[in-house]
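Heads up: the structure comes next, in structure tokens.
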Amino acid sequence: MDDYANSYDQAGKWCRQQVIKKPMVALFYDVKLFHKALKETSKALNFPLQSLQSLIRTTHLKVLKLATTTVKSDISFHLEHYCNGDSILKIAKSAAFPPFLMARLLVDELTVYMGRKELAKIMREPRCLTKDLILKKFQHSENLNIAMFSNQPLETRLSLEVQEAVRSDPLYGPDHDRARHSIGVEYEVALERALKIMDIPFETESQLREKGSARTPDVLLKTPVAFRDTSGEWKVVCWIDSKAMFGDVETHGRTVLPQCETYIHRFGPGMIVYWFGHAPIDQLNCANGEISVAGWYLPEALMMPTGENALLEP
């Protein structure tokens with residue numbers, strides 16, 4: 001096993017160990033501790049930090065669905081603990097559940113019905129959680145745990161505890177959602193810029209959707225290009241999909257590949273670019289050679305149908 005494959009296996013093992021521990025390790029409830037642990041592990045395993053950050057989140061998401069079902073079924077139990085004075089952060093820890101997501105579930109139970117959009121808005125601006133939004137049968141809970149927030153008398157206990165949960169969550173919440181969206185857009189723009197530098201004509205996802213296309217890659221090339229893969233074999237590419245994430249074996253096989261296989265049927269063979277790297281290429285399903293995988297960057301040289309090379313760096 002080569003060094004990178006070994007680092008990948010060790011990184012995956014470390015991520016799984018953190019996620020399945022009961023009670024869940026403290027780093028999932030402390031942003032500073034989370035980033036400190038990732039930096040130390042990245043260095044110890046000689047595994048890129050951005051790759052590790054992406055890998056631990058996708059690893060966590062794999063167990064989150066089952067955990068969410070369990071927490072929702074026990075919501076009355078968690079609600080009782082909140083009404084008895086336990087903080088949202090403490091309840092999240094005891095349930096081995098992300099603080100932000102626990103806060104959202106409890107807010108949904110404690111307040112008047114507001115619908116998904118309004119709930120999302122409240123979670124983005126928890127200072128708007130005024131006492132009149134709290135159901136009357138739960139308003140007594142506002143008199144508990146007051147000493148902890150005595151320096152902020154104008155806000156409700158619920159508002160302050162939601163803010164604490166949001167600050168404590170290193171993986172989920174409005175700031176993380178915005179950051180992931182911005183990073184995704186940033187790398188899509190980087191892909192388009194690179195193709196323009198190489199003078200390769202293409203259509204963007206938004207342009208394709210304007211034409212009525214439903215499922216589309218980020219970029220559809222107007223003319224196919226070819227590139228040499230790591231084995232030296234020439235591969236034809238008709239489209240490119242940008243992924244601002246690490247391509248681990250399971251996420252690639254279960255989520256990304258099925259999505260991209262629909263592009264093959266419509267547009268031909270293509271390429272996935274994992275901007276934060278990917279698992280060893282021999283471990284990734286390539287859809288019988290129809291999908292190529294690139295990591296960290298777009299190949300610097302692509303061959304046009306004329307036989308000319310399109311270079312990223314002149």
Side-chain angles (χ1 to χ4, degrees), residues 1-16 18-19 38 41-42 45-65 171 176-177 179-192 194-195 205 215-221 227-231 233 235-264 267 269-300 302 312:
M1 182 181 293
D2 62 34
D3 291 343
Y4 179 71
N6 182 62
S7 293
Y8 167 69
D9 288 345
Q10 291 299 314
K13 181 179 179 181
W14 181 83
C15 290
R16 290 189 294 274
Q18 309 314 303
V19 168
L38 260 64
T41 303
S42 169
L45 300 181
N46 192 29
F47 194 74
L49 179 59
Q50 284 182 308
S51 302
L52 187 62
Q53 289 171 332
S54 178
L55 183 58
I56 196 168
R57 186 174 188 278
T58 54
T59 303
H60 193 275
L61 282 169
K62 291 167 191 173
V63 302
L64 184 60
K65 186 175 182 179
L171 290 175
H176 300 297
D177 292 341
R180 279 190 294 273
H181 175 73
S182 296
I183 291 170
V185 171
E186 176 186 338
Y187 281 101
E188 287 174 13
V189 171
L191 171 60
E192 293 172 17
L195 292 174
E205 182 178 18
R215 295 185 177 182
T216 63
D218 290 312
V219 161
L220 177 63
L221 304 179
F227 81 105
R228 284 187 187 274
D229 65 13
T230 53
S231 68
E233 183 181 351
K235 297 282 188 177
V236 174
V237 173
C238 299
W239 52 266
I240 304 174
D241 212 38
S242 170
K243 298 295 180 186
M245 61 183 292
F246 180 84
D248 66 278
V249 172
E250 188 171 349
T251 302
H252 175 80
R254 289 191 178 183
T255 306
V256 178
L257 191 65
Q259 173 193 1
C260 290
E261 283 179 326
T262 64
Y263 308 154
I264 297 173
F267 307 117
M271 176 190 291
I272 301 167
V273 181
Y274 286 113
W275 295 103
F276 299 156
H278 53 74
I281 202 72
D282 60 353
Q283 297 183 30
L284 297 177
N285 188 325
C286 63
N288 296 316
E290 296 293 308
I291 290 179
S292 302
V293 175
W296 295 107
Y297 49 81
L298 193 68
E300 294 182 354
L302 299 174
L312 185 56

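Numbers for residues simply follow the sequence, beginning at 1. Small disclaimer: the values here were computed from a predicted structure and weren't measured.
- Residues G289 and K235 approach most closely at O-NZ, 3.9 Å, considering heavy atoms.
- Note that SG of C238 is 9.0 Å distant from CD of E290, once rounded to the nearest 0.5 Å.
- T59 approaches C15 most closely through the heavy-atom pair OG1-CB, 3.7 Å.
- For the ring pair (Phe, Tyr, Trp, His ring centres under 6.0 Å) with W275, the qualifying choice from W296, F246, Y187 is Y187, the only one to do so.
- Shown here is N288, whose CG atom has no more than 12 heavy atoms of other residues, nucleotides or ligands within 6.0 Å.
- Among V219, V273, D218, the single residue meeting the side-chain contact (heavy atoms from CB on, under 4.5 Å) criterion with S242 is D218.
- Expressed to the nearest 0.5 Å, how far OG of S182 lies from CG of D177 amounts to 10.5 Å.
- Closest approach of A11 to L52, counting heavy atoms only: CB-CD1, 4.1 Å.
- Minimum heavy-atom separation, R57 to L171: NE-O, 3.7 Å.
- Contact annotation: the side chain of K62 approaches that of E250 to within less than 4.5 Å [non-hydrogen atoms, C-beta and beyond].
- Remark: N285 CG to Q283 CD distance equals 12.5 Å, nearest 0.5 Å.
- Taking CG from L298 and CE from M271, the interatomic distance works out to 6.0 Å, rounded to the nearest 0.5 Å.
- Counting heavy atoms from C-beta outward, H278 and I272 have side chains that stay 4.5 Å or more apart.
- Within 6.0 Å of atom CZ in R180, more than 12 heavy atoms from other residues, nucleotides or ligands are found, so the atom counts as buried in its surroundings.
- Across every non-hydrogen atom of L284 and G247, the tightest pair is CD2-O, 4.1 Å.
- Side-chain contact between L195 and L221 is present, with at least one heavy-atom pair separated by less than 4.5 Å.
- Looking at Y263, its side chain does come within 3.5 Å of a backbone N or O of T216 through a donor-acceptor pair.
- Looking at heavy atoms from C-beta onward, D3 lies out of side-chain contact with N46 at the 4.5 angstrom threshold.
- Atom OG1 of T251 and atom NZ of K243 lie 11.0 Å apart (nearest 0.5 Å).
- When atom types are taken as modelled, the side chain of H60 and the backbone of V19 share no donor-acceptor pair closer than 3.5 angstrom.
- The distance from the CG atom of L38 to the CD atom of Q18 is 9.0 Å, given to the nearest 0.5 Å.
- In this structure, T58 contributes its side chain and L55 its backbone to a donor-acceptor pair below 3.5 Å.
- Two residues are said to be in side-chain contact when any heavy atoms from C-beta on lie closer than 4.5 Å; F276 and P48 fail this criterion.
- In this structure, V249 and Y8 approach most closely via the heavy-atom pair N-OH, 3.1 Å.
- The environment of OH in Y297 is sparse: at most 12 heavy-atom neighbours from other residues, nucleotides or ligands sit within 6.0 Å.
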